[in-house]
Each structure stands twice: as C-alpha cells, then as structure tokens.
Amino acid sequence: MTAPATNNNQRSVDASIKPVLRLEGITKRFPGVVALNNVSFDVRAGEVHALLGENGAGKSTLMKCLAGKHQAEEGSIVLEGQKVSFSDPMEAKQHGIVLIHQELSLVSDLTVAENIFLGSLPLKWPNRVDWKKLRSDTDKILSRLQCTFRADDLVGDLSIAKKQMVEIARALVFTPKIVVFDEPTASLTDHEKPVLFNVINSLREHGVGIVYISHRMDEIFALSQRITVLRDGEYNGTVDTAQTNEDEVTKLMIGRSLELDHSSKPTEFKENVLEVRNLSVEGVFKDISFNVRNGEIVGMYGLVGAGRSEIAETIFGLRRPSAGEILLEGESVTVKSPHDAVARGIALVPESRKEQGLVLGLNCRDNITLSTLGSVSSLGVMSPKKELEIYEKYQRELKIKTPGWAQKVGNLSGGNQQKIVIGKWLTTHPKLLILDEPTRGIDVGSKAEIHALIKDLAKSGYAVLVISSEMPEVLGVSNRVIAMYSGQITAEFNADTVTEDELVQAITGQHKPASGTPLHAAGV
Amino acid sequence: MVNVKNISKVFGGIQPIWLFVIAITVFFSFMSEYFLTTGNFMNILVQTSTIGLIALGMTYVMINGNIDLSVGAILALSAALAVDLQSYGLPVALFAAISAGILLGALNGLIVWKTGVNSFIVTLGAMIGIRGLVFIYTKEQSFYASDFAFSDFGISTIASIPTLGVIFLVCCLIMHLVLTKTGHGRNTFAVGGNREAAADAGIRVGRHMLINFMIVGFFAALAGITLATQMGAATPNLGRDYELWTITAVVLGGTKLAGGFGSITGTLGGVLAIGILRNGMNLMQVPAFYVLVILGAILIAVLIIDQKVNRKSGQEVNV
C-alpha cells in the first residue's frame with residue numbers, strides 16, 4: 001500500500017520508515033449504528049497524514065478510539081511495533097498520543113503555565129508547587145512554539161488561536177509521538193492559520209507523526225504528505241498528496257453509495273413560495289439569491305461550513321440578516337422568531353434531530369402534536385381523541401413504525417425519529433418545508449423511504465428546500481441544485497442534467513460561473 | 001445484586017416510590033403497634049400536607065427545568081401576613097397572604113425568563129432576601145392568631161378526615177389533571193425536556209416558566225396559611241429548610257432535576273414516604289438526629305436504585 005517516496009515541496013517522506021502507529025481493522029458500534037467498520041490507518045514519524053470524510057464518516061470516532069475515549073470492539077492499535085490498548089485518554093497521553101479537540105478543554109481562570117502543566121505541576125518538598133521551575137519549563141515550551149503570550153497570562157484573556165497554542169503546548173509536555181488535530185482551523189481567522197501551520201511543520205520536523213482532520217482542501221494539500229479517506233464508517237483509500245488532486249479526493253470522499261433514483265420527482269411547479277434576494281449575514285454568507293416554488297424541491301449542496309444551515313436559520317428567524325430581503329408568496333417579510341416563522345407557514349426540520357427537533361422524554365403522539373396543541377385543546381384542556389386522530393393520520397401517511405403512540409421517541413430508530421419531526425411540522429400546515437441534512441445518521445433503507453416521502457410532499461403542493469452534503473441525495477430528490485462554497489452561491493444546476501464533475505467543482509470553489517440566466521428565470 | 005428491573009416489571013406500571021411506601025408501611029406495622037391505625041394515618045396526612053402542597057408546585061417548576069429555593073421564605077411571609085392582618089378581617093388577611101406568594105413567584109419567574117440567569121441563583125437570592133423581609137416585617141416577633149375561626153380551621157374535619165388533609169388531596173387531584181390533560185402541562189414537559197426544540201416548535205417557553213413559578217408561589221403561600229392554622233401563630237423562622245424537604249420529596253417521587261420528566265402521583269408518593277419514615281421512626285423512638293441520618297441515606301439509596309432501573313430500560317426498540 002505504501003507508494004514510493006515523493007518529493008512534496010521539499011518535504012520528503014521516506015517510505016522505508018515503518019509507521020510509528022498502525023490501527024488495524026478497527027470496528028466500533030453504537031446502538032443501532034456501525035460507526036466504524038474494519039478501518040485501518042497508519043502514521044509515520046515526521047509526516048502529516050490527513051484524514052478526510054463527510055460528517056458522520058467516522059473520522060472523529062476513529063481518533064477517539066485511538067486516544068482512549070472510546071474502546072473499539074474489534075481491531076488493534078500497534079504503537080512502535082507493540083500492541084497497546086488504552087482505557088482512558090490519560091493512558092494514551094502517557095504513551096505519547098495526544099488529541100487536540102475542536103472544542104478546547106482549558107481552564108480559563110488559570111494561567112497559561114498552570115494550564116500547560118495541569119495535573120502534572122512540578123512540586124518541591126513537602127508538597128508545594130515549584131513556581132520557578134513551572135515558569136522556566138513553560139517559557140521553554142512557549143519559545144519553542146514562538147508564542148507571543150507569557151506564562152503568567154490568564155488563559156481566559158487569550159484569543160482562540162492563542163488558546164489553541166496553549167493546548168498544543170500542553171501536548172508537548174508529554175514528548176508526544178502522535179498528535180491528532182481535529183478541525184484545528186475551524187475557529188481561526190486567515191492570518192492566525194499560518195502560525196498554526198508553522199507549529200505543525202516544526203512538530204513534524206522533530207519527528208512527530210501528525211494526524212490532521214479537516215474539510216478544507218487547500219489546507220490539506222498545503223500540509224499533508226498522505227491523505228486517507230473514510231466514507232460511511234469504512235476505509236476508502238489512501239493517496240499520496242503529491243500524486244493526486246482535489247477532484248480525485250473529493251470523489252473518494254463523496255462517492256456513490258446509492259443508485260440514483262431520479263424517478264417520481266415532482267414535475268408541476270406553480271408560483272414562488274420563497275424568494276430570497278441578496279441575503280447576507282455578516283461573516284457567514286453573502287449575496288444569496290434563490291427561489292423555491294410550490295411543488296418544487298430545491299437542493300442546496302455544499303461542504304460543511306459553506307453556510308447552508310445558516311441560510312436556513314436566517315429564513316426561520318434564528319438569525320438576523322445584515323442585508324437583503326426574504327419574500328414569502330411575493331411579500332417581503334421580517335421573520336422575528338421561530339414562533340413567527342411557524343405562524344407564517346415556515347417549517348424547519350433541523351440538522352440535529354435529538355438536540356433541536358425532538359423532546360426525547362415525550363412519547364410519539366406528544367412529539368407530533370407539540371406544535372399544534374392549541375388546535376386540539378379547548379380552554380387549555382387537550383382532547384385525547386383529537387390528539388390521537390392527528391397522531392394516527394401522520395403515523396399512517398408517513399409510515400412511522402412504532403409499537404404504539406405511547407412509545408418514547410428516544411427509543412425509536414433514526415429514520416422513524418426523523419419522520420416524527422417531519423410529522424410534527426406537517427401538523428402546522430406549512431407552505432415551505434426546509435429539511436437540513438434529512439438523512440443524517442439514518443440507515444440506507446430508511447434513507448430511500450425519507451427520499452420518497454420528500455418527493456410525495458412536494459407533489460402534494462409543499463415547497464421544499466433540502467440542504468445536504470450528500471451528492472446522491474441532492475441529485476436523487478431535487479429538481480434544481482444550488483451549489484455553495486464558502487458563504488456564496490457558486491452555481492445553479494438542473495439536477496437531472498448536471499454532471500458529478502460540475503457539482504464537485506462548484507462546491508470546491510473551482511467553478512467559473514457561466515454567463516447566462518439562472519435556471520428558474522429561464523423557466524426550467 | 002437483585003435484578004431491580006425484573007422487580008419493577010412484575011409490578012408493572014407502579015412507580016418505584018410507591019413500592020417503597022408500601023414496603024415501609026409494612027415494616028413499621030410490624031415494628032410498632034401504634035402505627036397501623038386510622039388516627040395515626042390522619043396524623044401523617046396532616047403532617048405531610050405542608051411540604052406536600054409546596055411539592056405540587058415544585059413538581060411543575062422542576063419538570064419545567066427550573067427550581068425554586070425561595071418557597072420556605074415565601075411560606076414564612078405568607079404565614080405572617082395571614083396571621084398579622086387578621087385585624088382587617090380574615091378575608092383581607094388570606095387574600096394578602098396568597099397574593100404575596102403569587103407575586104413573589106411571578107417576580108422569580110420574570111427574572112429567570114427575561115435575564116436568562118439560572119433559576120437556582122435567582123431563587124437562592126430570593127430565599128435570602130424574602131427571609132430578610134420576614135424579619136423586617138415581624139420585627140423578629142411571633143404573631144398569634146386573633147380570629148379563633150382561623151385556628152379552629154386547622155383542627156377541623158370533613159367527614160372525620162382532617163380538613164387540611166382533604167385540601168391537600170383535592171389539590172393533588174387538580175394538579176395531576178392539569179399536568180396530564182392540559183396544553184400547559186404538556187408544554188411544561190416539552191420545555192423541560194428540550195428547551196431548544198420546544199422554542200423551535202413555536203412554544204412560548206418563557207410564559208410557561210412564569211406560570212409555573214406563580215403556581216409554586218401560590219402553593220407556598222397556601223402551605224404557609226395551613227401551617228399557621230395548625231399552630232394558631234406565625235414565627236419569623238417558619239419554613240426553614242422546607243425548600244430542601246420539598247425538593248427531596250419531589251426527587252424521591254421520580255421527577256428529574258434536569259427537567260422533562262416527573263409526575264404528581266410520584267410526588268405524592270415521595271411526600272408520603274418522608275412522612276411515614278419520620279412518623280414510624282418517631283413511634284419506634286429513634287432519636288431525632290438519627291432520623292435525619294437515615295432519611296439522608298435513604299434519599300441517596302433510592303436515587304441510586306432509580307438510576308439503575310432507568311439505565312437498564314433505556315434500550316433502543318427496533319421495529
């Protein structure tokens with residue numbers, strides 16, 4: 001599997017070096033889902049190995065298995081030729097494996113030095129902190145990282161980029177062999193990134209093996225020597241960075257796991273339900289214009305962080321636009337709150353079902369009637385009969401499989417939970433249905449069911465906006481596809497004629513907008 | 001360990017706390033000949049009614065995802081008002097006492113709603129501040145009821161059941177129905193279970209929280225009045241630690257501190273459990289301080305068992 005050494009920007013990797021770390025056949029199951037299926041992965045000393053995949057592909061889970069946060073059911077971890085297993089993160093750290101999280105875990109009321117040596121403060125007799133040694137040790141690490149802040153600064157006062165440096169400094173205390181960076185640039189500004197990259201390169205030069213998780217192609221190509229792609233919890237290939245390009249990697253990452261089902265799409269569109277004109281939210285997305293008509297499904301496609309969910313949240317009244325306007329059925333509106341959005345006939349099926357969509361402690365019936373209690377109550381007293389009628393109607397129409405209405409939704413499978421969320425919104429009789437990643441974490445069989453359901457809903461007259469980072473899903477359900485890249489719409493396509501390459505280019509920012517009229521204006 | 005899940009399965013839908021109530025009732029019946037008598041049970045009912053009334057409101061607030069620590073202080077203030085203002089006539093005194101409870105509850109609720117500060121902190125402040133008001137108002141004096149009808153009410157009976165007990169049971173029934181049959185009750189669960197999802201579903205989260213704080217304020221005031229009728233007096237230190245006993249009873253009854261789960265039937269069980277334990281140990285002549293040690297230990301033990309049962313039954317159902 002190891003390709004010949006290649007020279008990548010003067011940073012050569014000697015392939016004859018055995019990997020420091022090998023993960024072999026790792027399998028990890030969570031209730032109802034196989035998160036990782038027989039995944040293998042290795043890291044050499046002095047290389048940056050990028051780990052790529054869509055949300056839910058299993059990158060973070062794999063790294064948590066490595067760092068002792070999860071225990072894999074099958075497979076083994078081999079560190080410097082020896083089989084190891086870690087029961088907790090501290091044990092992994094002592095073996096030289098450090099995970100630097102997306103969300104930082106620092107104590108903001110302590111100083112930089114105290115944070116770096118948290119849990120391992122240097123002591124002197126009888127049991128006092130050796131402040132002098134603490135400071136000098138900290139200074140050594142900080143100068144190695146070329147940090148501009150001092151050992152005595154409070155962590156709470158530092159910027160996010162500097163906090164990240166503290167986190168990295170903390171890793172250096174243990175003379176790490178492997179450092180895992182999980183989306184390290186997610187909260188950094190453009191001029192803070194080079195500092196991080198310098199540190200990563202200097203770690204690499206000191207012989208540390210780096211695992212770099214990111215969605216950002218430019219970073220991965222600038223930093224890494226090898227790229228491994230995961231998809232749906234499975235290993236999907238490793239390539240040498242110098243011998244590949246963004247297209248190839250994106251294809252590996254997105255791929256085709258489902259046969260496209262272009263059939264039974266809605267065909268009759270009437271007037272505009274939603275029209276968005278030059279909508280912007282400072283620093284998140286800008287100049288967004290599109291429309292969705294009655295009976296039409298519009299797909300919004302792009303990588304995570306392109307600003308898709310944020311657009312949905314703005315339409316739903318969770319964010320304030322800084323410019324532009326939203327028109328509902330031709331009328332310019334200001335959506336003040338979710339309550340207001342519901343009243344205006346907008347429904348949002350959110351990205352995170354369990355956090356935003358469901359009340360897990362309530363049963364199926366109660367979740368479905370959550371938004372419409374007023375219509376089943378008189379003088380505040382609910383009518384169990386009417387409630388049950390509504391539940392049974394949507395249970396039948398959406399084919400929700402449950403042992404009965406009294407079943408707690410927390411115990412249902414992902415697909416049925418999603419149907420309950422959709423059912424809840426249908427009870428409010430919306431005009432516009434926005435679905436954000438409608439099949440995330442849902443098994444393949446239920447995905448097809450949800451897709452069919454979305455098409456049926458559009459045919460019965462709803463205007464539907466589907467946000468997704470899965471290409472088969474977007475192409476399979478929508479009539480038109482809007483492609484987004486870093487906060488902007490890069491192109492709009494007819495979903496039945498667009499090619500895979502065109503779409504990939506549009507969401508990675510390589511698309512040159514063709515001159516011409518948008519599809520909807522041309523009446524497609 | 002005995003398989004806890006199987007035990008609860010055998011008893012079907014019965015809440016664990018009621019199994020516990022039955023168990024200790026049987027235990028004390030063997031330990032003391034005075035325990036299993038009608039008179040003693042009426043005693044327990046009256047003794048528990050004070051904590052019990054507050055616990056009804058507290059159940060709502062806790063299911064809603066909040067907590068109210070100021071109930072003991074509100075109880076003291078309302079008791080003082082109800083006794084002291086009797087010179088203006090009993091109706092005026094009672095109206096003032098109840099209004100004070102509802103208004104202070106509304107104040108707690110408004111602050112929690114509008115500022116977003118944690119209800120623990122808000123009502124902790126209210127607990128300290130309102131207790132201060134009680135001392136200012138009473139000048140550290142106890143008040144004695146001037147209207148004999150007031151004290152007579154506390155020992156009166158309806159069909160040979162103590163009136164205070166009847167009031168408590170009727171309130172239990174009403175609160176149970178409101179919680180299970182009305183939109184407000186359902187939304188109380190929804191907001192406590194997942195505030196974000198509830199708000200996104202268009203539920204007016206803040207209003208439901210406000211109403212629940214007013215409800216618990218009302219019940220704290222009512223409990224203050226009934227307690228004062230039993231004593232024919234009000235003291236400035238009345239209701240100290242009652243917030244803790246109330247929360248203990250509610251939690252014993254299965255309501256989750258984090259919100260989203262709980263019931264009035266469970267709370268009734270929790271209140272009775274504490275009342276029976278105190279009464280039973282009293283009859284067995286267990287010294288008072290040992291009673292506290294045992295009650296504390298039992299609270300923790302019951303919650304550990306509860307957690308085991310809940311964790312085991314939380315498995316996914318695949319259809």
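Values below: every heavy atom of this structure, side chains too, minus hydrogens, waters and symmetry copies. Each chain gets a letter, A, B and so on, in the order the sequences are listed, and its residues count up from 1.
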Steps toward side-chain hydrogen bond (donor to acceptor under 3.5 Å, both in side chains) verdict (B:Ser119, B:Asn108): CA-CA 8 Å; B:Ser119 58; B:Asn108 281 333; over 6 Å; no
CA sep, side-chain torsions, deciding dist, call: B:Ser263, B:Gln15, side-chain hydrogen bond (donor to acceptor under 3.5 Å, both in side chains): CA-CA 10 Å; B:Ser263 66; B:Gln15 289 162 311; 2.7 Å; yes
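Of the options B:Thr59, B:Thr188, B:Asn212, a side-chain hydrogen bond (donor to acceptor under 3.5 Å, both in side chains) to B:Asn64 is made by B:Asn212 and by none of the others.
The local environment of CZ in A:Arg319 is crowded, with over 12 non-hydrogen atoms from other residues, nucleotides or ligands closer than 6.0 Å.
Under the 3.5 Å distance criterion, the side-chain polar atoms of B:Thr123 are left unmatched by any main-chain donor or acceptor of B:Ala126. Judged purely by atom type and a 3.5 angstrom limit, B:Thr255 has no side-chain atom pairing as donor or acceptor with the backbone of B:Gly262.
Within residues 421-436 of chain A, the residues having any heavy atom less than 4.5 Å from a heavy atom of chain B are, in residue-number order, A:Lys424, A:Trp425. The stretch residues 382-394 of chain A places A:Met382, A:Glu387 near chain B, each with some heavy atom under 4.5 Å from a heavy atom of that chain.
Across A:Leu348, A:Val381, A:Val376, the residue that shares the most heavy-atom pairs under 4.5 angstrom with chain B is A:Val381. Highest contact tally toward chain A, considering only B:Arg186, B:His184, B:Lys181, is held by B:Arg186 [criterion: heavy-atom pairs under 4.5 Å].
When heavy atoms are compared at a cutoff of 4.5 Å, B:Ala199 approaches chain A solely by way of its backbone atoms N, CA, C and O.
Put simply, the side chain of A:Leu327 does not reach to within 4.5 Å of the side chain of A:Val276, judged on heavy atoms.
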